[in-house]
Every structure is written in structure tokens, then in C-alpha cells.
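To keep things clear, I will list the structure first and then write my remarks on it.
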Protein chains: 2
Amino acid sequence: MATIADVAKEAGLSRATVSRVINNYQYVSDEKRFLVQEAMKALNYFPNSSAQKLRSQRTQTIGVLIPVLTNPFFAYLLEGIDRIATDNAYQLLVCQTKYDQQKEIHFLNYLKSKQVDGIILTSIENNWETIAAYTTYGPIVLCNEYSEQTLVPMVRLNQLEGSYLGTCHLIRQGHRKIAYCRGGYMSQLTKDRHAGYKKALTEFGIPYNNDFIFKNVYDLEDGKKVLRDSLAMENPPTAFFAGSDQVATGIVKEAMKQGKSVPGDIAVIGFDDQPIASVVEPALTTIKQPAEEIGYKAMEVMIKSIESELEPNDMDIHLPLQLIVRHST
Amino acid sequence: MATIADVAKEAGLSRATVSRVINNYQYVSDEKRFLVQEAMKALNYFPNSSAQKLRSQRTQTIGVLIPVLTNPFFAYLLEGIDRIATDNAYQLLVCQTKYDQQKEIHFLNYLKSKQVDGIILTSIENNWETIAAYTTYGPIVLCNEYSEQTLVPMVRLNQLEGSYLGTCHLIRQGHRKIAYCRGGYMSQLTKDRHAGYKKALTEFGIPYNNDFIFKNVYDLEDGKKVLRDSLAMENPPTAFFAGSDQVATGIVKEAMKQGKSVPGDIAVIGFDDQPIASVVEPALTTIKQPAEEIGYKAMEVMIKSIESELEPNDMDIHLPLQLIVRHST
DNA sequence: CGTTTTCATGAAATCGATTTCAGAAAACAG
DNA sequence: CTGTTTTCTGAAATCGATTTCATGAAAACG
């Protein structure tokens, strides 16, 4: 593969001038510019990107840490991030953490090795102090998941309001025994959702029942298990608030299989509004999260961060959540 | 950020020795190795990855070209690729082509700029000669999509057999008016599927009807439209063979909405066996494609390619397809 | 017309690592 | 005890670009 020196020789000019043409610097005469371009074509030249990165100290690459690619919510989030990245000539290094602390640290170190210009976190596995330490090495943007601090920009939804809305909806449908399904680790997002659920119960004077909290629930199969477990209870819940549409779908499918009617016997409400939510029968009532939009904003803020154009109100961007009522409630 | 020179100074040794410790070269005395490690810790040193890549001419990065991230089939494919990549200390540069020729070329050029060590193609947008020209610059592996050549390794399924199996199944259920939905561009994969469909018809003496071929059909909404269009036909098909579970789901949902019974009035068969296939009611009969396994194999072959350990039978790996009969037929 | 800007180019330094080469010290063999 | 091989280390070259600095020519200015 030809190098910049080869091109310079071919064009009868210096490496500096070739470099100027590559980076279209304004003060190059049309004549020389043409010579360089011809030489580049003749030699089929492409600049070595590692050399460019090393010298310029810019990688035009953003690391995106996501738990799992196959979760549609994150796929859409990534789609949003990618859209803005592509428009601005940035590349994405997609890093799956699989909800693992070590992996998260490993990927954060890409900032230290200058492999990426910045990192977008869509989930948080380590405690905040650990992560905060990395802000010295490059911009970090939080999206979807968040933390109670103001050190790095965040793009988020009001999760408390989301679960509050959903729970109120269930209560207004007459339910008083409402189960709530969540993941394992109590992240800020999880805490807020939990708080919204509790707030609704409290407002309507419904006692909080710890037996109605299902933990470590992530996917469709987990949802099915939740429903089966609940039926084995002495005093089972009549409504379920799931942490994702996958889980909600699992609950609905299993309920139907067990001969229960939805929403007659059991009401279910999901989170996300993924395509699956309108496919399952009955279609899911759900809290819509604008995944792609979160991605757009996060990447926009990241670019501003890199170009030091961050404004105060970029630090905490809120996007609206929306209750979508279908037929599962 | 500290450099290798700082570490060398701190440890009272040369840069070469530090480098040897980083790359754990065997001939370094325990004493010096320890000194270097201490110095690295003390300075919180991480090697600059661009410098490493430039000097070693290895990026440990593979470019993966996929049409769209939000299509679950490709998400699972990517998941498979990522699994093997992670296990072998490779990173993935995920590149969405959005079925665009220019973008595909753009990403292939990463090979020329030595930004990636190799490229995995999961779809093909340009003609084969164009792509073949890039094999000079680094290994290319074809996965899922393929071409009738033997220049680069391929990991694929017998698509002809897949659609043949599916069509035969529909015929055996008594259908003779069978529609077939496909995308726009006639790739080899699309051609083979089409051939399998035709082959089944021919074997059972059913005439091929061009009106039953629906083109440019990709997602759920397209599927719904197909069903509506078909109902407007004078002599509508009684069965549909869809190119993906998304499309099949759209057909099923719309059929139910239009008051048709599935599979009573209309039978539908999908492709992929995505999660959605078992969620929709009635659950889809489909041709299961082992997406993750394709990803595993593709990345394994890529690594072999890079390490020049490719064997003749790695050049064309076939994985089995499977007809899964559920309730939509 | 002399002086200051602006434009255009090249030589050389630089980014931060790895690798080659050469030589010293230690281990081993005869 | 000498000669050979193996182990260990450092100086310097190298990977392939960009950037700084210097310089001369051309244009603009008063």
C-alpha cells in the first residue's frame, strides 16, 4: 500500500502539501492540488488511519457501551446513536457489557488508551465514583441510565413518572394487587421506577406488599416464570407492571396458556413500546420510551462535548414518556 | 497521559524493555518486569492504541457490515460474531450499510486505510467484481449472503432447500395458490430462495404465477400491505411464503384484522425463527436460520484467515436449516 | 514605491509505540 | 578453562501520517 511519501514523490511535491490536500487545507494552489489528487488516484492511495489518529490525537470513534445487542430497546437506541454518528463522520465501537462490571471497566479504559474520543454509557454497572474517575480521560455521556450527579451530561426519561403513570392506570382499572417486575441491580433508573410505583400505591392508599416485587426478571422466559410463580401464591396479584415489553409479553403469553383471560383475570402493562408490544394478543398497554430519540440526543451531546461546545442545558436532557393504552389492561 | 518513555524513565529502564513487558515477551528478568509493572501502576499508564496499531500493523478490529441493526436476524448474527470476537480479543467496528452501495464501498475502504484487519459481509450490495477487488487489502468473509465464487470464505445456509421445504409443506397442506414475498435486489440468496420455491411448484405440477410474487417487502408494515393487496386480487393466493418473520407476522396480523382465519383461510410461513415468531397468534411456521451459529463460524473463519490458518474446507461452510411447524399453516 | 499581509510550499520535528541489531552477561558443553 | 549457546537489555530505526517553523512570492496597503 502506498504511503504519503510515495504520493509526494509521484506528484513531485512534499509530504506536507499532500497532507494539506488530504485535509483540504485552504492555502494550496489549484495546480498543486490537482497534481496531488492525480497522484493519489494513480497510486490508489488511502491514508493510514492509525497514523492519522496517532498524530492528530483524534480517532473520530465513539465507544458505545450497551448491555446486549439482541434486546430491541438497545438496538433502537444504538440505531439512533449511529444515525447522528454517521451524519457527523464518527464511527462506533460497539461494546457489549453483558451487565458485567469488569467488562465495563475494560471498555472504559479505551478512553485511556485513546482508542475512542468519548464513551456513551447506556447502562451503569459500577458505582459512580469508579466511573467518574474516567472523565479525566475524555467525555462520557450517560443515556437511558443515569446517576444523581451533574458531572457528565445525561439524556434521560423521567422513569419515576413512567411507572407512576402506569401504576395509576392499573389502579384506575380497579386493581389493588399490583405486581412489579424489575431486574437485579438497583440502578438509579430501577430505583426511580420503583419509587413511582410506590408513589402511586401510596396516593391511592394501597399498602405496599413485598411479595408482589419480582426480581431478576429480564426476558420473555422470565416473564412466563413470573406468571407461573404468581399463580402459585396464596393471594396472587391481578395486575403486573413489567420492566420491559419482553417480560410483559411473557406474562401475557403464559397467562393465556394457563387459561386466564387478559385483561379480564390479569392485566399487564409493559415498558418500551417495542414492535412486539403490538404483535402479542392482546396488544400491550405500555410506557413508550423514545429509544431512537434518546440515541440522537446522546450522540449530539457527545459531539458538542468533544468540540467543547457544551452548554449548561445540555447537561440534563429530559425526553417525554408516554402511556400507550392497548388491550392488555 | 503518560507515555512509554515516562514509564521507562520511572523504572530506570529503556522503552524497549517496557514494551517487552507490555507484550509479555519471555526474555525479561523477573526483577525488571516487576520494576516496569510498578512504574506502569504508579503512572497509571495505558499504551496508546493508535501507536501500537501503527507500528504493529495490526488493529485487532474487524469491520462487520450489516444492513440494519434493528432487524433481529442481524442483531443475533452480530451477537454471534461478537461472542467469538470477544473471546479472541478482537473488537468490532459495526457498519450499517442500510442496503446502500456507496456505503458498502465506503466501509470496504477501511481495509485500504488499515483501519480493520478484515471485513465480514452479511449482505452484498455491489456486484461481485467490485467487492473481489478488495481482497488484496485484507481478508473478507461472506456470511449469510453469498456469491457463486470460491475466492473468499463463505458461511451460509442452503437457501434453496429452505424455501423448497417451506413451499412443499404448504403444498402438502393442500395449497396450490402460494404467494412468495421477497426484497428488491435479486441477490444470490434471493435467487436461490426463489429457485427453491419454483422447484417445489414444478415438482407438484403447479404452474408458476407471476402475480403471486410480491417484491420490495421487508418489514411488518410491508407484510400487512401485501395481505391487503392480495385480497384485492381477483384470484387471491391462499398461502404466503414470507422472506422473514417480520413480514409473515404482518401478513398474519392483517389477515386476522380482515376477519380471515389463519391457517383456515390463509396459511403463512416465515423465515428466521425470531422470537416474534412464537409470540404472534397463531404462532408462525417458519424456516429456522441459526443466526448466532452463522456468526460464530464467520468470526472463526475470519480469525483463521488473519492468522493464515485457513483450510480448504473453511472456504464454504454450510449450516442446516430447519422447518419449524407451528400454527400458521 | 516601500512596507506590511496574505498565500503557498518544504524541511524537519513529532505523535507513541514496536522491532531490529548488537552487545553484555549468564549458562552450558566439552 | 575455553568456546558456544541462551538470556537479557538498550540504542536507534521505524510505522505513516500531521504540524510547526521558516521562507519566498504575490498581493494589498498607505
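Numbered from 1 within each chain, the chains take letters A, B, ... in sequence-line order.
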inquiry  = Let's see if you get this right: which residues in residues 49-62 of chain B place a heavy atom under 4.0 Å from DNA chain D?
reply    = B:L54, B:R55, B:Q57

key: Test: A:E79 and B:K98 ion pair at under 4.0 Å   = yes

query = Taking NZ, NE, NH1 and NH2 as the nitrogens, is one of them in A:K103 or A:E125 under 4.0 Å from a carboxylate oxygen of the other?
reply =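 Not counted as a salt bridge, because no side-chain N and carboxylate O are separated by less than 4.0 Å.
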
query = Taking for each residue the nucleotide of DNA chain D with the nearest heavy atom, is it B:K114 or B:Y27 whose nucleotide lies nearer the 5' end?
reply = B:Y27

query = What are the bounds, 5' to 3', of the part of DNA chain D that sits under 4.0 Å from heavy atoms of chain B?
reply = D:dT7 to D:dG16

Which heavy atom in [X] sits nearest to a heavy atom in [Y], and how many Å separate them?
{"X": "A:D117", "Y": "A:Y90", "value": "OD2-CE2, 4.0 Å"}
{"X": "B:Q96", "Y": "B:V68", "value": "OE1-CA, 3.3 Å"}
{"X": "B:L108", "Y": "B:I119", "value": "CA-CD1, 3.7 Å"}
{"X": "B:I124", "Y": "B:S147", "value": "CD1-CB, 4.4 Å"}
{"X": "B:I317", "Y": "B:N313", "value": "CG1-O, 3.9 Å"}

inquiry  = Is the distance between the ring centroids of B:Y137 and A:F46 under 6.0 Å?
reply    =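 No, the ring of A:F46 stays outside the 6.0 Å limit from the ring of B:Y137, centre to centre.
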
message = Quick one: does any side-chain atom of B:Q188 pair with a main-chain N or O of B:E148 as donor and acceptor, under 3.5 Å?
response =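 The answer is no, because no donor-acceptor pair under 3.5 Å joins these two groups.
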
N/O donor-acceptor pair under 3.5 Å between A:Q149 side chain and A:L151 backbone = yes

task = Specify the residues of residues 5-20 of chain A, ordered by number, for which at least one heavy atom lies under 4.0 angstrom from an atom of DNA chain C.
result =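 Correct list: A:L13, A:S14, A:R15, A:A16, A:T17, A:R20.
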
